Amino acid sequence: QVQLVESGGGLVQAGGSLRLSCAASGRTFSNYAMGWFRQAPGKEREFVGGISRRGSTTYYEDSVKGRFTISRDNAKNTVYLQMNSLKPEDTAVYYCAARTAEYYSVYHGGYEYWGQGTQVTVSS
């Protein structure tokens, strides 16, 4: 079992920045590729980006490419989502997820473990 806890969400003005953290416990963190997802009210959960288990490869959806950066510190069992130039349409609950694999998946069904989510609200 892996337990994931997100933090760092909040209210920010458009154009601002936030850094989300996802702390893992329970198993060897470096065994897991990680993904970030988000879900806005009334919408399906969507993939934001992912990072391979060693941190060598990242992927971003087009809507966040160039604005968001995913990184991880396996020594601290933590993955990060740095969000810059935030837009109102980035408003959502953000989730981190873990899968026992080298690489991330763009499908939420590809993950075994999920955090509880953290709310990000971007005001215009």
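All values below were derived from every heavy atom in this structure, side-chain atoms included, with hydrogens, water molecules and symmetry-related copies excluded. Quick caveat: nothing in here was measured; it's all calculated off a predicted structure. All residue numbers in this chain count up from 1 along the given sequence.
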Ignoring hydrogens, what is the shortest heavy-atom contact between Asn74 and Asn77? Give both atom names and the distance. O-OD1, 3.1 Å
Distance-only donor-acceptor hits, side chain of residues 10-29, under 3.5 Å, sequence neighbours excluded:
unit_1 : atom_1 : unit_2 : atom_2 : d
Ser17  : OG     : Asn84  : OD1    : 2.9
Ser25  : OG     : Gln3   : OE1    : 3.4

Spacing of OH belonging to Tyr32 relative to OG belonging to Ser52, to within rounding of 0.5 Å: 16.0 Å
Find out whether Trp36 and Tyr104 are in side-chain contact, i.e. whether some heavy atom of one side chain is under 4.5 Å from a heavy atom of the other. no
Can you tell me if Glu6 uses its side chain to pair, donor with acceptor, with the backbone of Thr118 under 3.5 Å? no
Does the ring centre of Trp114 sit less than 6.0 Å away from the ring centre of Phe37? yes
When you group the ILVMFWY residues by side-chain heavy-atom contacts below 4.5 Å and let the links chain together, are Tyr111 and Ile70 in the same group? no
Can a side-chain donor-acceptor contact be found between Glu89 and Thr91 if the only test is distance below 3.5 angstrom? no
Between Tyr113 and Tyr80, is there shared hydrophobic-cluster membership here, with clusters defined by ILVMFWY side-chain heavy atoms closer than 4.5 Å? no
With side-chain contact (heavy atoms from CB on, under 4.5 Å) as the test, would you mind laying out the steps for Thr78 and Arg72 before giving the verdict? CA-CA 6 Å; Thr78 303; Arg72 66 189 295 162; over 6 Å; no
Restricting to pairs with a member in residues 93-121, which pass salt bridge (charged side-chain N to carboxylate O under 4.0 Å, His left out), not counting sequence neighbours? Arg53-Glu102, Arg54-Glu102
Hey, any chance Phe68 and Val120 share a hydrophobic cluster, counting ILVMFWY side chains that come within less than 4.5 Å of each other, even indirectly? yes
Got Thr69 and Tyr60 here, is their nearest side-chain heavy-atom distance under 4.5 Å? yes
Verdict with supporting geometry, Leu81 and Val79, side-chain contact (heavy atoms from CB on, under 4.5 Å): CA-CA 7 Å; Leu81 178 64; Val79 63; over 6 Å; no
Residue set satisfying side-chain hydrogen bond (donor to acceptor under 3.5 Å, both in side chains) with Lys65, at least two apart, ordered chain then number -> Asp62
Does Ile51 offer a backbone N or O that forms a donor-acceptor pair with the side chain of Thr58 under 3.5 Å? no
Return the set of residues passing salt bridge (Lys or Arg N to Asp or Glu O under 4.0 Å) with Arg67 (not counting sequence neighbours), or none when no residue passes. Asp90
Are Tyr95 and Arg45 close enough that some pair of their side-chain heavy atoms sits under 4.5 Å apart? yes
Within-4.5 Å side-chain heavy-atom neighbours: Arg38 and Val64: yes
Expected output: side-chain Ser105 to main-chain Gly110 donor-acceptor under 3.5 Å: no
According to the disulfide bond (SG atoms under 2.5 Å apart) rule, which pairs have a member within residues 38-67, sequence neighbours left out? none
Kindly indicate, with the supporting measurements, whether the criterion side-chain contact (heavy atoms from CB on, under 4.5 Å) is fulfilled by Met83 and Tyr94. CA-CA 11 Å; Met83 305 186 293; Tyr94 283 71; 3.8 Å; yes
Tyr59: partners by side-chain hydrogen bond (donor to acceptor under 3.5 Å, both in side chains), with sequence neighbours left out: Glu61
